[in-house]
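First the proteins, then the strands, lettered A, B, ... as listed; each starts at 1.
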Amino acid sequence: MGYDFQAIETKWQKEWAERRCFEVEADPNKPRFYCLEMFPYPSGALHMGHVRNYSMGDMLARFLRKRGLNVLYPMGFDAFGMPAENAALKYKTKPHDWTWQNIEYMTSQLKRMGYSYDWRRRVESCNPDYYRWNQWIFLQMYRKGLVYRKTAPVNWCEPCGTVLANEQVVDGACWRCGTPVGRKNLEQWFIRITNYAQELLDNIDTSLSGWPDRVRTMQRNWIGRSEGARLSFRVPELDYTIEAFTTRFDTVYGITFIALAPEHELVRIMLDKMPAEKAKEMEAFVARCAAQSSIERSAVGGEKLGFETPFTGRHPVSGEPVPIWLANYILMDYGTGAIMGVPAHDQRDFEFCRKYGIGIIPVIQPEGEHLDGATMEVAFEGDGLSCNSGRFDGLPTQRAIQEMIDWGEREGLCQREVNFRLRDWLISRQRYWGTPIPFVYCPTCGVVPVPEDQLPVLLPEDVEVREVGHSPLLDMPEWLATTCPSCGGPARREADTMDTFFCSSWYFDRYCSPGHDKGAFDTKDTDYWMPVDQYIGGIEHACLHLIYARFFTMFLSDLGMLKVREPFTNLLTQGMVIKDGAKMSKSLGNVVDPTEIVEKYGADTVRLFILFAAPPQNDLDWSEQGVEGAHRFLGRVWRCVEDNLNDLKRHGTDRVPMAELKDPALRDFKRKIHSTIVGVTHDIDEEKQFNTAIAKLMELTNALYAFKPSDETGYRLQREAVDVLLNCLSPFGPHIAEELWQMLGNPGLVSTAPWPVPEEDALGADSVTVVVQINGKVRAKLELPVGLDEAKLREIALAEATVRERIGSATILRTIVVPDRLVNIVVKA
RNA sequence: GCCGGGAUGGCGGAAUGGUAGACGCAGUGGACUCAAAAUCCACCGGGAGCAAUCUCAUGGGAGUUCGAGUCUCCCUCCCGGCACCA
């Protein structure tokens, strides 16, 4: 009858759904496991990257379920976002309709793959039942002082018509559309994620040992902590104090100038107090810097531009005047936007001073050298001994930093300070298809939060998206107009919506309590299910979603809603799916549609291929020949059951214990069965090497083909092998395993059958190949019984004819014996 | 520049410091067939040899070790992240 994968797969998908095999409830008496995948954006159809991600997760979920764990394995959709608006424009539809259509279609595709989700828990972030809790959480953040509005130069993406968070600017360009990002001054909503910078950083080392090093490093870099001191320069003429941050307070005696960012607030004050002519020049300089793109301005080795102001600040230690300059390489959004210029020990300052003829004073001497400010060619940024630094002369750099800051703090010259590269999270988006920010503007009361009992602020669904430079919400006076919750007077709704990363920062909590309407989730559920034990997704979220989600978890924990501080215990970042040397993408036209492949080969084949072709972290080269190979393997499994079905059924499932087996061939075969269980379990559970787990199943299949039973014992062993093979195969190719399991008359479903347990006495070998080496080179291989002691092994090895011949007249210096493994004879001619 | 990860057959990739190349793809030969496909069986890193076998080989160079793809140091190249961050 052959392997009719289409019929089999639809049959079992229906069966699993009807039997509700994969629906789970929190049960404190059962050991739990939370297996999570990054939920997809409902872009229209699944792509191979999704299939890879979810095939890994499903395999794990099925495996762990069989091992007796109560496995939460949910799926949902990250459904707000720009593409829906673009699609609405293109196809003359509504974002709401387009999105929901895609959600339903992609759900059907996921079901066709046979993934074992608990579908009752599906979450859609565009559903008011979900986003009302976005609004609620946002209000809690507001209450805790984590939300603020600020007019600031923000990253602006013109094609997207909206601002971007820092995390969403990649190489100076928009993370979604790739357009270079501009600057715009806007009043926007921010979240103080920086309040959590230290914990976000600390936990990388203490709590994220289950994450790849790569991601941990990326987050560490992104948060970017640096320790140092804040010091100030008094500017008496302007009655102003310039604050600056430095990590090198030990170089304070080497200051020869002060540099400000052209956007620094002091610039305006100085302009007012300057002769008109000079002020004009300075304004021109500021304008010139403003015209430089962010990429230009932050390019390494970019040209340093400076402008000398007619003012001076007082050196914090000596009180001497220090010239104040404006410089294009000083960034307003790091530190204080002002620096102490130490050209001798900072390469950027050095280049600046050489260009503008500012003095250079070395205050650290490297070992065995003597630096002279007049002749130095590069700044010395390493460690050495302090000089020209008064009482600190002669101190080694690391000590100098500490002792000088201690002294500075005592004298009131500086304060220890820690700076982070991480910026607050800008969450407003000037887009329609997102969660409305629950605030109103009242002419009397100002910016007023919408009371919790009035949530959700519903996003109107019946809108027409038009190609205009602003959100369609602004064209809906009936939606915008509201009353002030505070005074009851007329007010206007906030028309900005939230960054969609807000939605994806807590969806995994919501999965724990589907449909809960008393809160974002029920703590009874999250107390049981959280944290996520295994999270699987793409590396591209290393500094976006994975930082935001960690922050949310800390915040919700501070509210007392979560018991955990970190959401994801183990993280697996899967590689991309590549074809013809490039990532599959529509623009390159190298996309392979999963649906077509599933029709041609079946879901089991696709799953198997995608897990077998490469280790999870590596990129995976799509190869239709490889797919055929996977299909061929499943065909072999099928035939090896179908062709022997009568024999396999006739002899029953009673196992023959190892102790009763005498024939070495049978004993070997029994061992193969049980070492497969051990190996596959190890590869999945400990190594997360799904490719080698599959390789071991292929080996067992090959052994089954080579095995020709001749008696009752042999047939029973064959049945044992087939049952183990199907059981271990079922997480990878669940449909075919289920069908064959049933054909054999096994009770129940293989999906819910316990994972096989290896028989201990079927693992140890009767004999082993002992390698005889001479000076580390393999010279003989001996098949010997297990457990011989060192002396015996040495004796046997030395007695071997080829070995004796090899040694000849050479002197044996020593012999290393590793029992059951090798004998290494060290000789000297 | 700094940080992280890599480099193994024609290809994807295996190898607790102990037989390098599991498993698969591609390839070669055979069986079955009128023939092909499918399937089954065998071979499949380089060099030498009729063969047994020998020899070289895990990016390059040193080192530790009885023994190194694996550990240490240096170098080359590739991938990823951060970067005029004070």
Side-chain angles (χ1 to χ4, degrees), chain A residues 2 170-171 212-226 228 244-248 251 259 261 297-304 327-331 333-342 345-349 351-352 381 419-421 539-540 542-543 573 575 578 608-609 612-615 617-630 632-633 635-636 639 643 679 682-683 689 691-702 705-706 769-781 802 813-818 820-827:
Chain A
V170 179
D171 294 331
D213 286 345
R214 194 153 65 120
V215 178
R216 299 205 295 167
T217 309
M218 284 162 76
Q219 292 211 351
R220 234 178 259 123
N221 285 343
W222 189 262
I223 296 166
R225 180 190 152 105
S226 57
F245 173 74
T246 180
T247 54
R248 293 298 302 272
T251 62
R297 196 152 153 200
S298 64
V300 180
E303 199 196 356
K304 310 253 171 317
N328 67 337
Y329 70 97
I330 309 305
L331 309 172
D333 56 9
Y334 186 78
T336 61
I339 60 138
M340 61 179 221
V342 184
H345 305 291
D346 181 291
Q347 186 57 26
R348 295 156 297 168
D349 295 349
E351 289 165 25
F352 188 75
E381 296 182 330
N419 248 285
F420 291 96
R421 205 192 76 99
I539 185 85
E540 66 273 17
C543 293
T573 49
I578 300 286
L608 198 88
F609 165 73
F612 178 65
Q617 306 80 344
N618 287 24
D619 285 347
L620 180 150
D621 212 345
W622 182 264
S623 141
E624 183 127 356
Q625 284 175 332
V627 176
E628 280 168 9
R632 211 149 37 223
F633 165 65
R636 269 167 79 76
R639 281 186 300 276
D643 294 352
H682 176 81
D683 287 351
Q689 291 257 64
N691 53 332
T692 53
I694 293 170
K696 289 178 175 88
L697 294 177
M698 289 173 168
E699 281 186 60
L700 180 57
T701 308
N702 293 343
Y705 269 78
T769 309
V770 173
V771 173
V772 183
Q773 298 180 330
I774 297 173
N775 289 343
K777 286 198 186 285
V778 178
R779 294 306 179 192
K781 295 173 187 179
T802 53
L813 298 179
R814 58 189 288 205
T815 328
I816 284 102
V817 181
V818 182
D820 294 339
R821 214 156 201 153
L822 65 80
V823 178
N824 188 12
I825 304 162
V826 186
V827 303

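- B:rG69 and B:rG59 have their P atoms separated by 10 Å, with the value rounded to a whole Å.
- Residue A:R214 places none of its side-chain N or O atoms closer than 4.0 Å to OP1 or OP2 of B:rC79.
- Taking atom P on both B:rU65 and B:rC50, the two are 43 Å apart, rounded to the nearest angstrom.
- Note on A:R814: a side-chain N or O is less than 4.0 Å away from OP1 or OP2 of B:rC66.
- For the pair A:R216 CZ and B:rC82 C1', the computed distance is 17 Å after rounding to whole Å.
- Separating the P atom of B:rU76 from that of B:rG60 is a span of 15 Å, rounded to the nearest Å.
- The separation of B:rU70 from B:rA20, taken at their P atoms, amounts to 14 Å, rounded to a whole angstrom.
- Across all strands shown, B:rG29 pairs with B:rC41; the Watson-Crick or G-U wobble distances both stay below 3.5 Å.
- Separation of the C1' atoms belonging to B:rA22 and B:rA35 is 37 Å when rounded to the nearest angstrom.
- Rounded to whole Å, the P atom of B:rG46 lies 33 Å from the corresponding atom of B:rU72.
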Base versus backbone protein contacts along nucleotides 13-25 of chain B [heavy-atom cut-off under 4.0 Å; B, S, -]: SSSB-BB--BBSS
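- On the P atoms, B:rC41 is 29 Å away from B:rG47, given to the nearest whole Å.
- Mapping A:T336 and A:R639 onto RNA chain B by nearest heavy atom places A:R639 closer to the 5' end of the strand.
- Checking side-chain atoms of A:D349 against main-chain N and O of A:G341 turns up no donor-acceptor pair under 3.5 Å.
- Nucleic acid contact class of A:R225 (heavy atoms, under 4.0 Å, all strands): none.
- Across all strands, A:D213 comes closer than 4.0 Å only to sugar-phosphate atoms, never to a base (heavy-atom distances).
- Syn is the conformation of B:rG9, whose glycosidic angle sits no further than 90° from 0.
- Heavy atoms of A:Y705 sit under 4.0 angstrom from primed sugar atoms or phosphate atoms, though from no base atom.
- When both pairing distances are held under 3.5 Å, B:rG24 makes a Watson-Crick or G-U pair with B:rC11.
- Pair assignment for B:rG1: B:rC82, on the basis of Watson-Crick or G-U wobble contacts that are both within less than 3.5 Å.
- A distance of about 26 Å separates the C1' atoms of B:rU53 and B:rG30, rounded to the whole Å.
- Of the residues near RNA chain B, A:I539 and A:K777, the one whose nearest nucleotide (by heavy atom distance) lies more toward the 5' end is A:K777.
- When the side-chain nitrogen and oxygen atoms of A:S226 are compared with OP1 and OP2 of B:rA86, one or more of them lie within a distance under 4.0 Å.
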